[in-house]
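Heads up: numbering here begins at 1 and tracks the sequence. Being a predicted model, the structure only gives us computed values, none of them experimental. All heavy atoms count here, side chains included; hydrogens, waters and symmetry mates do not.
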Amino acid sequence: MMNTLKNIFGLILLLTSVSLTAQIPDDEVEVVKDFEARLIESEVIRSNPSLPPLDTTSRRLTYSIPSKSLNVDYPPPKIRPVAMPKERVPPTYKGYLKAGYGWPSSPYGELGYQTGSDKYEFGGYLKHHSANNTANIENQRFSESMVKLNGTYYLQEGLAVAPRVGYTLDEVYYYGYDQEVDTFSAESVRQRFRTIDFGVRLFNAERTRGDINYSAAINYYNMQDNFAVTENGVDIELLGTKWINELHPINVKIITDFTNLNDNFPGEQKQDLNNFYLQPNFTYHAEAFSIKGGINLVSHNDDFTVFPDAEVNVNVYGNLVAVYAGWRGDLQKNTLRTLSDYNPFILTRNVNAGRLLIENTSYNYIYGGLKGNLKVLDYQLEMGRKNTENLATYLNDPLDTTKFNVLYDDFNIFQIAGTVSAEPKKGLNVMANIGINIFNVAADTVPTLVEAWHLPTVTFNFTTSYLTLKDKLRLKAEIYTENGVPYLDRVNTEVANLNGLFDISLGAEYFFSKNFGLFLDLNNLANNKRQRWNNYPTFGFNILGGISARF
């Protein structure tokens, strides 16, 4: 562009000079003086630049940072500083095995295995434990065996299906007779509970667009005992949760629970215990508190009962101290399965003595407490009042004192429960639990019982374990105490209390290689032979040891 302009400018000058030459005749040119160009002298202005003066005024900047409290569920997470060096990740194993033998004659075996991938998970569990102390007390023995299989398969549509199946076989013996007078064969006093149960659950394995979680499950079990008593149970559960702003859940649960007991009395008398539950609730989470509100609508035999489902949590001082209070109620089933799990010596069927009755226990529980985390220690303390209707208690049958009738009555219970867990140093874990239940026969009903038979008032449990020697050795200790439970002395026909329990146990497990080790448990070192159930002394001191494997 510049070259073009120069060419044009030069052309113009050339044409101009030619034109002027053509217009001015040579003979008329007169040179008066030679041309001499000069520049007029100008004054030079000198500039001496300098820095501007320093600003010595001080300025104070004010920042406004709003404080924000975090609502932390307990137990709170242990947050490690970024600068902390990474810890060595302990090796993981898919399976483990424990097998051993104890005294008195006590074979033991336990096997677990879990594997999976992005598309599926599968697990299995087997266990057998039995003991025989007939050398000291006739027919004092037990046996329990179980096998469980479970799995989860993840579908491409974001769904997952989780089937499971299990089988248990529990044997107990009614040895609570007068050992100095009577004698019985093992077969004549044996009780055997056989239970098969299976179910399947369908749920969303991935987050949905509407932030809705859902699941549907169906479960079935069949239980039989040695006296031709059969119980069948089916429950169907539907659950949906809608999250609002990823913080506030709206839950709706629907449960249909059917139980049928056939005691094969003459005429095949059957008992049905069918409950329907509708449980909606909403929980609002704020910075320093949360509020849950809902109801538990229960239907049984066309009778509808509305129970509350409410709780308030307030963080008083960060995650150090939080207080809470609530009110909830429910119907709980007392079935052959649940009652025999608690007391295996119950009377299930006896033509002369009577029959087992299955009932609902209704309760309303108003409670409050505090909980928190003090660095290495988590704690929770709760107390409340529970009003119950048809609470199950256990009393020796007058015609067959080796078995227990299940008796129901209304009780008001004052409860205190406390839990403390701590990890004062790496590898050392400590936990303690205490429970206090003070039973009073409800004053607004006509009482049929004078005591909450065979229900403990105070229980205390302390456990500790220590992992050392580069995670090769684990030591453990446990103390378990319980007060003597009330029972009816048939000889003196008066209320009495059984002896209390004081049980100290020690154990150790040492892995001498990556995959194999040894274990030893010393149980009930005080050789306490208290009777948890009247006429049934416990085993006392016993030992169990064997090998451990992980793979």
Side-chain angles (χ1 to χ4, degrees), residues 66-80 116-121 150-164 199-219 235-257 275-298 306-330 365 367-373 378 380 382:
S67 60
K68 183 177 182 181
S69 300
L70 297 179
N71 184 22
V72 181
D73 293 332
Y74 295 98
K78 293 178 175 60
I79 302 176
R80 303 184 183 277
S117 66
D118 294 337
K119 294 184 178 181
Y120 72 92
E121 294 176 359
N150 62 80
T152 303
Y153 183 75
Y154 299 95
L155 306 175
Q156 294 181 353
E157 296 80 5
L159 297 175
V161 57
R164 62 171 186 83
V200 61
R201 177 172 172 255
L202 182 70
F203 62 97
N204 65 302
E206 298 178 359
R207 182 174 179 177
T208 61
R209 291 184 178 180
D211 261 358
I212 297 177
N213 296 328
Y214 55 87
S215 67
I218 181 171
N219 301 286
D235 70 83
I236 302 172
E237 179 181 300
L238 303 176
L239 173 63
T241 301
K242 165 63 177 175
W243 289 90
I244 299 177
N245 296 331
E246 300 182 352
L247 289 175
H248 319 297
I250 301 175
N251 299 296
V252 178
K253 181 186 290 188
I254 300 175
I255 303 175
T256 302
D257 192 353
N275 295 343
F276 173 80
Y277 304 83
L278 175 60
Q279 301 170 337
N281 62 71
F282 171 70
T283 303
Y284 177 81
H285 292 278
E287 293 183 354
F289 68 91
S290 66
I291 299 177
K292 176 184 178 181
I295 61 172
N296 182 11
L297 176 62
V298 184
V306 179
F307 295 100
D309 182 14
E311 185 173 285
V312 177
N313 288 269
V314 179
N315 292 342
V316 178
Y317 191 71
N319 63 347
L320 298 178
V321 179
V323 296
Y324 64 94
W327 184 11
R328 65 174 182 266
D330 202 358
Y365 182 42
Y367 60 94
L370 55 90
K371 56 186 177 180
N373 171 262
D378 297 317
Q380 181 171 358
E382 179 177 304

Colleague: Rounded to the nearest 0.5 Å, what separation is found between the OH atom of Tyr214 and the CG atom of Asn204?
Modeller: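 The OH atom of Tyr214 sits 5.0 Å away from the CG atom of Asn204.
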Colleague: Kindly indicate whether the side chain of Phe203, heavy atoms from C-beta on, has any atom under 4.5 Å from the side chain of Asn213.
Modeller: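 Side-chain contact under 4.5 Å: no.
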Colleague: First locate atom CD1 of Ile218, then atom CD1 of Ile236, and finally report the distance between them rounded to the nearest 0.5 Å.
Modeller: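 Ile218 CD1 to Ile236 CD1: 4.5 Å, rounded to 0.5 Å.
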Colleague: Do Val161 and Val200 come within less than 4.5 Å of each other through their side chains, counting heavy atoms only?
Modeller: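 Sidechains of Val200 and Val161: in contact.
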Colleague: Establish, from distance only, whether the side-chain atoms of Asp378 and Asn373 form a donor-acceptor pair under 3.5 Å.
Modeller: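 Yes.
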Colleague: If we count only N and O atoms by modelled type, under 3.5 Å, do the side chains of Tyr154 and Glu121 hold a donor and an acceptor together?
Modeller: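 Looking only at side-chain atoms, Glu121 and Tyr154 do form a donor-acceptor pair, the distance falling under 3.5 Å.
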Colleague: Decide yes or no for Ile250 and Trp243: does some side-chain heavy atom of the first lie under 4.5 Å from some side-chain heavy atom of the second?
Modeller: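 SC-SC contact between Ile250 and Trp243 ruled out.
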Colleague: OH of Tyr324 to NZ of Lys371: how many Å apart, nearest 0.5 Å?
Modeller: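 So the gap between those two atoms works out to 6.5 Å.
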Colleague: Is the shortest heavy-atom distance from the side chain of Pro163 to the side chain of Arg201 under 4.5 Å?
Modeller: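 They are not in contact (no side-chain heavy atoms under 4.5 Å apart), so the answer is no.
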Colleague: Nearest 0.5 angstrom please: Ile255 CD1 to Asp235 CG, how far?
Modeller: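 Result: 7.5 Å between the selected atoms.
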Colleague: State, to 0.1 Å, how close Thr152 and Ala162 come at their nearest heavy-atom pair, and which atoms those are.
Modeller: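 Heavy atoms only, the tightest pair is OG1-CB, 3.7 Å.
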Colleague: Between Asp309 and Asn296, do the side chains contain a donor N or O and an acceptor N or O under 3.5 Å apart?
Modeller: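 There is no such pair (donor and acceptor under 3.5 Å, judged by atom type) between the side chains of Asn296 and Asp309.
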Colleague: To the nearest 0.5 Å, tell me how far Tyr284 OH sits from Ile291 CD1.
Modeller: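 Interatomic distance, Tyr284 OH to Ile291 CD1, rounded to 0.5 Å: 8.5 Å.
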Colleague: Quick check: closest heavy atoms across Ala322 and Asn315, and the distance to 0.1 Å?
Modeller: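 Answer, listing the atom of Ala322 first, then Asn315: CB-OD1, 3.6 Å.
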Colleague: Roughly how far, to the nearest 0.5 Å, is the CG atom of Leu370 from the CG atom of Asn313?
Modeller: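 The distance works out to 11.5 Å.
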Colleague: Of the non-hydrogen atoms in Ala216 and Leu238, which two are nearest, and what is the gap between them?
Modeller: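 Looks like CB-CD2, 3.6 Å.
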Colleague: Side chains of Ser290 and Val312, heavy atoms from C-beta outward: is any pair under 4.5 Å?
Modeller: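 Heavy-atom side-chain distance check fails, nothing below 4.5 Å.
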Colleague: Please, which pairs that meet salt bridge (Lys or Arg N to Asp or Glu O under 4.0 Å) have at least one residue in residues 243-253, sequence neighbours excluded?
Modeller: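 Output for this query lists Arg207-Glu246.
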Colleague: Under 3.5 Å, is there a donor-acceptor pair between the Tyr277 and Asn275 side chains?
Modeller: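 Yes, a side-chain donor-acceptor pair sits under 3.5 Å.
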Colleague: Hey, are Asp211 and Lys242 close enough for a salt bridge, meaning a charged N less than 4.0 Å from a carboxylate O?
Modeller: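 Salt bridge absent between Asp211 and Lys242.
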Colleague: For Ile212 and Thr241: C-alpha separation, side-chain torsions, deciding distance, then whether side chain to side chain contact (heavy atoms under 4.5 Å, CB included) applies.
Modeller: CA-CA 5 Å; Ile212 297 177; Thr241 301; over 6 Å; no
Colleague: Are there over 12 heavy-atom neighbours, none belonging to Tyr153, within less than 6.0 Å of that residue's OH?
Modeller: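 Open: at most 12 neighbouring heavy atoms sit under 6.0 Å from OH of Tyr153.
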Colleague: Please name the residue in the list Glu311, His248, Lys292 that meets the side chain to side chain contact (heavy atoms under 4.5 Å, CB included) test with Thr283.
Modeller: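 Only one option passes, and that is Lys292.
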